[in-house]
**Student:** 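For reference, the structure I am asking about is given below.
Chain letters run A, B, ... following the sequence lines, proteins first and then strands; every chain starts at 1.
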Amino acid sequence: MNIVVCVKYVPDAQADRTFNEDNTTDRSNVDGLLSELDEYAVEAALKLVEGSEDEVTVLTVGPDGAADAIKKALQMGAHKGVHVLDDAIHGSDAPATSLVLAEAVKKASGGTPELVLMGLASTDGTMSVVPAMLSERLGLPQVTQLSTLEVADGVVKGRRDSDTASDSFEAPLPAVVSVTDQINEPRYPSFKGIMAAKKKPVETWSLADLGVDAGQVGLDNAATKVTSFTARPPREQGEIVTDEGDGGTKLAEFLAKAKLI
Amino acid sequence: MAEVLVLVDHTDGQVKKNTAELLTLARALGVPSAVFIGSSVEAARPRLAQFGAAKVYVVDNPDVTGAVAAPLAEALAAVAEQASPAAILLPTGGVNKEAGARLAVKTGGGLITDATNVQPGDGGVATTQSAFASNYTVESLVTKSPAIVTVKANAAAPAAAQAGATVVPVEVTVSEVAKAAKITGTEAKAKSGRPELTEAQIVVSGGRGTSGDFSPVEAFADTLGAAVGASRAAVDAGWYPHSNQVGQTGKQVSPQLYVACGISGAIQHRAGMQTSKTIVAINKDEEAPIFELVDFGVVGDLFTVLPQANDAVQAAKS
Ligand SMILES: Cc1cc2nc3c(=O)[nH]c(=O)nc-3n(C[C@H](O)[C@H](O)[C@H](O)COP(=O)(O)OP(=O)(O)OC[C@H]3O[C@@H](n4cnc5c(N)ncnc54)[C@H](O)[C@@H]3O)c2cc1C
Ligand SMILES: Cc1cc2nc3c(=O)[nH]c(=O)nc-3n(C[C@H](O)[C@H](O)[C@H](O)COP(=O)(O)OP(=O)(O)OC[C@H]3O[C@@H](n4cnc5c(N)ncnc54)[C@H](O)[C@@H]3O)c2cc1C
């Protein structure tokens with residue numbers, strides 16, 4: 001079973017993330033990396049192909065720097081990479097991103113993929129919608145936000161937790177699957193992995209390579225636009241007391257004064 | 001005026017508060033109509049009428065539930081085809097975001113998730129969201145119709161406005177591919193008896209600093225009538241269920257009061273709680289970043305501070 005894992009290159013959450021003048025995400029002045037939640041998808045894919053001849057292809061749609069996200073996944077053990085890179089993609093909304101991904105998945109798998117694995121959410125847009133959109137576009141079943149994953153005899157099974165219940169899902173392959181950060185413990189690249197990654201093939205495709213018209217993507221064609229952004233005013237630090245045997249009492253006094261009890 | 005569809009969140013016809021909030025918001029955008037999935041619409045109708053639903057589109061088909069995205073999206077698409085709505089509002093949560101996502105692809109409409117406000121805008125539906133761990137507030141415009149917006153709890157105060165709530169049954173035939181992913185078993189989670197995390201006025205959370213003993217956190221929560229939250233460190237250690245996790249990969253909460261006990265305040269935890277009205281923390285380490293956010297902080301051991309606070313609050317209440 002050959003697997004395509006979709007990974008996103010995102011600004012580091014530890015840095016001061018911000019926006020550009022055109023209200024798009026600043027992806028050049030903030031250090032980027034492989035979205036941490038996509039490491040779980042890469043790990044899940046590697047576990048599924050372990051001990052077989054099957055291959056894992058990592059696919060990203062993103063700017064120049066997104067090559068780093070592919071590199072990290074290759075270092076973890078993925079076999080090859082595909083980077084869809086085209087200036088016309090800048091500012092794409094989620095539907096347009098899923099359109100590009102759908103065409104790239106088809107091309108990368110020579111028609112229909114056997115399994116597409118994705119993360120719970122990107123750590124920048126955090127929408128958790130691209131897997132559902134990709135499933136819709138590819139006409140494949142969607143089994144998403146799984147905290148366990150099992151693939152056998154052409155069937156994918158897993159558990160999805162909601163607030164009120166744990167549901168066991170299953171679907172026939174091929175399917176689009178996303179996994180949560182509860183599913184596994186992503187491996188760190190080993191020294192051997194880092195060296196091996198240097199020789200792994202990475203292809204770079206443009207929109208033209210995918211047969212996607214630039215008029216379907218990008219900021220100007222988005223169905224949603226950010227019109228303004230405002231930094232939340234920093235919270236003003238209130239009173240900090242050190243417990244000298246009366247910390248709890250003081251806390252209760254604060255709550256009473258603030259009319260919270 | 002164009003119709004605005006609101007997906008009803010209900011349990012056996014018992015309509016949840018978020019639906020009343022969405023109907024209230026929908027009235028500013030057009031004529032609200034409810035979309036009801038299931039067989040108990042008669043139980044739901046009075047409440048839907050009370051909050052202004054002109055029509056109630058009913059999809060009563062065993063292939064469509066609120067728990068699987070693809071059939072739900074097909075049902076919503078069938079209703080949208082009939083109603084040609086200007087906007088479709090869904091409560092954030094469950095599979096609704098994903099159903100909205102599929103609907104955006106089907107209809108060509110724009111999608112906004114986790115909105116905290118929805119209103120008429122210049123050239124489309126305008127929304128408000130948080131971005132980058134709630135460090136930013138973002139205003140957006142949906143320029144392609146229908147505007148598909150998933151809305152967070154407490155986005156509006158429900159305001160009654162009686163309407164007809166005329167039932168309109170909608171026939172839906174779910175495609176084979178949408179039926180291919182299915183639920184083969186369900187295990188209900190035990191109810192805690194405490195308020196729901198995302199709706200609670202007060203949340204008391206515990207982190208790694210509890211060392212696995214949540215009893216003082218729970219006791220204080222019960223005294224305050226609060227929900228209990230947990231950091232990911234506490235969840236990963238198996239001390240508390242994942243459904244109680246607060247943060248980027250857990251719940252985003254915005255209560256009147258958030259009490260963080262033995263939680264350091266990592267950016268991913270802040271992402272879920274820093275829009276709380278008042279924040280209080282108890283932490284042994286005076287350098288803990290959580291103190292940057294607090295209105296009141298106690299540098300101390302939660303195992304002595306919490307029980308004392310609990311006694312003092314109980315005394316003040318009685
Ligand atoms: C602050 C902010 C707000 C935004 N608001 C909106 C909005 O309201 N509406 C809208 O339509 N768009 C919005 N966008 C744009 C949207 O985030 C991007 O189009 C993005 O590529 C898809 O959404 P996501 O990042 O939320 O992905 P999610 O749906 O959260 O991602 C889930 C999974 O999809 C895969 N994936 C996502 N993006 C890529 C990629 N580029 N390459 C490979 N795999 C990928 C990964 O496996 C990922 O784990 C916003 C972006 C930002 C940064
Ligand atoms: C992609 C990603 C997503 C994430 N999502 C989330 C998320 O949704 N939610 C989340 O919470 N985290 C999330 N994290 C993890 C986050 O980065 C932190 O690791 C986590 O929040 C730490 O939890 P903590 O504060 O309980 O533990 P720690 O950081 O270990 O802090 C424990 C604190 O307890 C204090 N303490 C110890 N003993 C006592 C005592 N007896 N009394 C008082 N104080 C005491 C210590 O001084 C310390 O400050 C995510 C991380 C990543 C990479």
**Student:** Who wins among A:Thr164, A:Asp16, A:Val143, A:Thr126 for the most heavy-atom pairs under 4.5 Å with chain B?
**Tutor:** A:Thr164

**Student:** Hey, which of B:Gly300, B:Ala180, B:Gly110, B:Gly124 has the most heavy atom pairs under 4.5 Å with chain A?
**Tutor:** B:Ala180

**Student:** With respect to chain A, which residue among B:Thr278, B:Asn310, B:Thr304, B:Leu306 yields the maximal number of heavy-atom pairs within a distance under 4.5 Å?
**Tutor:** B:Thr278

**Student:** Select one option (side chain, backbone, both, neither) describing which atoms of B:Val294 are under 4.5 Å from chain A's heavy atoms.
**Tutor:** both

**Student:** Taking C-beta and beyond as the side chain, do B:Asp236 and A:Gln182 meet within less than 4.5 Å on heavy atoms?
**Tutor:** yes

**Student:** Could you check which of B:Gln248, B:Lys179, B:Gln256, B:Gln201 has the highest count of heavy-atom pairs closer than 4.5 Å to chain A?
**Tutor:** B:Gln248

**Student:** Between chain A and each of B:Glu292, B:Lys97, B:Lys182, count heavy-atom pairs under 4.5 Å; write down the option with the most.
**Tutor:** B:Lys182

**Student:** Please identify, among A:Arg159, A:Lys157, A:Arg160, the residue contributing the most non-hydrogen atom pairs under 4.5 Å to chain B.
**Tutor:** A:Arg160

**Student:** For the interface with chain B, which of A:Ala94, A:Gly139, A:Gly245, A:Gly248 has the highest count of heavy-atom pairs at distances below 4.5 Å?
**Tutor:** A:Gly248

**Student:** Can you check whether B:Thr184's main-chain N or O pairs, donor with acceptor, with A:Ser168's side chain at less than 3.5 Å?
**Tutor:** no

**Student:** Heavy-atom pairs under 4.5 Å with chain B: which of A:Ala13, A:Gly247, A:Pro131, A:Ser228 has the most?
**Tutor:** A:Ser228

**Student:** Tell me, side chain or backbone of B:Ile279 under 4.5 Å from chain A's heavy atoms, or both, or neither?
**Tutor:** both

**Student:** Check each atom of B:Ile202 against the heavy atoms of chain A and say whether the ones under 4.5 Å are side chain, backbone, both or neither.
**Tutor:** side chain

**Student:** Please tell me whether B:Thr186 and A:Asp167 have a donor and an acceptor in their side chains that are separated by less than 3.5 angstrom.
**Tutor:** yes

**Student:** Quick one: closest heavy-atom pair of B:Ala101 and A:Ala132, and the distance?
**Tutor:** CB-CB, 4.0 Å

**Student:** Of the backbone (N, CA, C, O) and the side chain (C-beta and beyond), which part of B:Ile267 lies under 4.5 Å from a heavy atom of chain A, both, or neither?
**Tutor:** side chain

**Student:** Using a cut-off of under 4.5 Å on heavy-atom pairs, state which of B:Thr223, B:Thr275, B:Asp311 scores highest against chain A.
**Tutor:** B:Thr275

**Student:** Examine whether an atom of B:Gln252 lies under 4.5 Å from a heavy atom of chain A, and if so say whether it belongs to the side chain, the backbone or both; otherwise answer neither.
**Tutor:** neither

**Student:** Please check if the side chain of A:Arg232 supplies one atom and the backbone of B:Ser134 the other of a donor-acceptor pair under 3.5 Å.
**Tutor:** yes

**Student:** For B:Asp301 and A:Asp243: C-alpha separation, side-chain torsions, deciding distance, then whether side chain to side chain contact (heavy atoms under 4.5 Å, CB included) applies.
**Tutor:** CA-CA 8 Å; B:Asp301 190 329; A:Asp243 180 33; 5.8 Å; no

**Student:** Of the non-hydrogen atoms in A:Leu255 and B:Phe220, which two are nearest, and what is the gap between them?
**Tutor:** CD1-CZ, 4.0 Å

**Student:** With chain B as the partner, which of A:Ala256, A:Ala121, A:Ser135, A:Ala175 has the greatest number of non-hydrogen pairs under 4.5 Å?
**Tutor:** A:Ser135

